Amino acid sequence: MATMATPQRVGRSDDRFFLFAAFAMAAVIVAGFSLNLAMGRSSFARPPLVHAHAIIAMGWMVIYLLQNWFATSGPIALHRRLGWLALGWLALMIYFGVAVTVMNVQAGTVPFFFQPLHMLVFDPVSIFGCTALIAAGVAMRRDTAWHRRLNYCGMALLMGPGFGRLLPMPLLIPWAYQTAFACVLIFPIAGMVADWRRDGRVHPAWLWGMGGMLATELLTDFIAFSPIGLALYEWVTAGTPGAAVVPLGFPPPPLG
């Protein structure tokens with residue numbers, strides 16, 4: 001009986017960590033966007049595309065929270081059904097995330113602490129990286145330990161906008177993006193530490209998940225700082241105000 005009980009104990013011993021981490025991720029996003037709004041750095045006077053993107057992104061955060069809640073507290077049947085909806089929701093995340101990035105690059109309104117070409121690449125690559133990790137997690141859904149860790153790392157990749165709104169980004173030029181990405185890595189590192197403290201070892205899914213996250217960073221730099229990135233920027237901005245912006249320069253800060 002002891003042998004039969006062990007897998008169940010190990011399989012659910014990390015429930016509390018993943019549920020707490022999901023709420024921590026939500027807190028980072030809500031705090032970041034709330035701070036931006038409170039300081040007047042953003043407003044509701046934005047194009048409909050931006051509002052649609054915000055609704056989809058916040059909806060994804062709610063789905064992730066519910067998925068962790070259902071996985072830990074039940075009913076598990078709702079977790080499985082919502083999981084298939086989540087895959088479709090990711091398609092919306094990709095579309096609206098890429099569309100908003102392209103809109104800002106074409107309009108020449110990229111935040112001045114980012115290089116326009118770099119942003120054109122890192123935003124979509126982060127979303128595609130998130131999707132790839134979550135797809136891997138879904139493929140491993142019969143193994144709870146792998147499933148939840150890969151999904152967690154995919155979600156962590158989307159934390160950059162939250163951290164970016166909490167950090168003093170103008171003071172971090174030219175390493176603003178890299179600093180936000182380093183903060184994102186706090187989440188998988190926390191997972192590794194939790195595993196080590198609880199089980200005396202780090203589950204290999206963390207290494208694959210974090211490796212996937214780092215791979216997005218390497219791919220971003222490879223594309224952005226190569227002729228491929230320049231050609232992509234010229235194609236996207238052709239005939240728009242963004243074409244007059246230096247692709248890998250930092251735009252001047254706004255007056256006032």
Side-chain angles (χ1 to χ4, degrees), residues 4-30 32-33 48-49 51-100 123-162 184 187-188 190-191 194-195 198-199 203-206 208-210 212-213 216:
M4 293 177 63
T6 300
Q8 184 178 7
R9 179 189 66 79
V10 173
R12 300 191 63 82
S13 62
D14 51 8
D15 281 357
R16 185 176 179 182
F17 168 79
F18 283 96
L19 185 58
F20 175 82
F23 278 100
M25 289 180 179
V28 169
I29 295 295
V30 172
F33 282 85
L49 180 63
H51 293 293
H53 169 59
I55 292 170
I56 295 299
M58 287 301 178
W60 173 254
M61 189 73 253
V62 171
I63 289 174
Y64 185 74
L65 279 173
L66 289 175
Q67 281 295 76
N68 278 275
W69 182 270
F70 292 147
T72 57
S73 304
I76 195 66
L78 279 179
H79 172 79
R80 291 172 180 145
R81 291 171 188 166
L82 188 58
W84 297 115
L85 173 64
L87 289 179
W89 203 274
L90 273 174
L92 294 175
M93 287 277 289
I94 291 171
Y95 174 78
F96 284 100
V98 173
V100 168
D123 259 3
V125 169
S126 294
I127 298 174
F128 282 114
C130 163
T131 303
L133 284 168
I134 289 177
V138 172
M140 298 288 288
R141 62 189 178 276
R142 296 187 183 278
D143 188 319
T144 301
W146 279 88
H147 174 66
R148 63 187 1 174
R149 284 165 175 79
L150 291 175
N151 285 344
Y152 174 100
C153 288
M155 185 65 200
L157 264 179
L158 301 182
M159 292 295 103
V184 165
F187 282 105
D195 270 14
R198 183 181 56 251
D199 304 323
H203 194 283
W206 288 122
W208 284 93
M210 194 167 183
M213 295 173 71
T216 66

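Computation of the quantities below employed the complete heavy-atom set of this structure, encompassing side-chain atoms and omitting hydrogens, waters and symmetry-equivalent molecules. In this text the structure is predicted, and so the values were computed from the model without any measurement.
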Within the 4.5 Å heavy-atom criterion, are [X] and [Y] side-chain neighbours or not?
{"X": "Ile56", "Y": "Tyr95", "answer": "no"}
{"X": "Met155", "Y": "Ile134", "answer": "no"}
{"X": "Met213", "Y": "Leu133", "answer": "yes"}
{"X": "Phe187", "Y": "Cys153", "answer": "no"}

Heavy atoms only: give me the nearest [X]-[Y] pair and the separation to one decimal.
{"X": "Ala57", "Y": "Met93", "value": "CA-SD, 3.7 Å"}
{"X": "Gly129", "Y": "Leu157", "value": "C-CD1, 3.6 Å"}
{"X": "Leu158", "Y": "Cys130", "value": "CD1-SG, 3.7 Å"}

Stepwise side chain to side chain contact (heavy atoms under 4.5 Å, CB included) test for Ile29 and Met58: CA-CA 9 Å; Ile29 295 295; Met58 287 301 178; 3.6 Å; yes
Approximate separation, where rounding is to 0.5 Å, of Thr72 OG1 and Leu19 CG: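 It is 4.5 Å, given to the nearest 0.5 Å.
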Partners meeting ring-ring contact (aromatic ring centres under 6.0 Å, His included) with His203 (sequence neighbours left out):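 ring-ring contact (aromatic ring centres under 6.0 Å, His included) check on His203 returns Trp146.
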Qualifying residues under ring-ring contact (aromatic ring centres under 6.0 Å, His included), relative to Phe128, sequence neighbours excluded: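 For Phe128 there are no ring-ring contact (aromatic ring centres under 6.0 Å, His included) partners, ignoring immediate neighbours.
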Residue list, side-chain hydrogen bond (donor to acceptor under 3.5 Å, both in side chains) with [X], at least two apart or on another chain:
{"X": "Asp123", "result": "Thr101"}
{"X": "His147", "result": "Asn151"}
{"X": "Trp89", "result": "none"}

Ring geometry between Phe18 and Trp206 (parallel below 30°, tilted from 30 to 60°, perpendicular above 60°): parallel
Taking side chain to side chain contact (heavy atoms under 4.5 Å, CB included) as the test, write out the residues that go with [X], two or more places apart.
{"X": "Val100", "value": "Leu49, His53, Asn104"}
{"X": "Ala136", "value": "Leu150"}
{"X": "Leu82", "value": "Ile63, Leu66, Gln67, Phe70, Leu85"}

Side chain to side chain contact (heavy atoms under 4.5 Å, CB included) between Asp14 and Arg149, intermediate numbers included: CA-CA 10 Å; Asp14 51 8; Arg149 284 165 175 79; 2.9 Å; yes
Intermediate values then yes/no, side chain to side chain contact (heavy atoms under 4.5 Å, CB included), Tyr64 and Tyr152: CA-CA 9 Å; Tyr64 185 74; Tyr152 174 100; 3.7 Å; yes
Side chain to side chain contact (heavy atoms under 4.5 Å, CB included) between Leu90 and Trp60, worked out: CA-CA 8 Å; Leu90 273 174; Trp60 173 254; 3.7 Å; yes
Short N-O contact, Asp15 and Arg148, less than 4.0 angstrom: yes
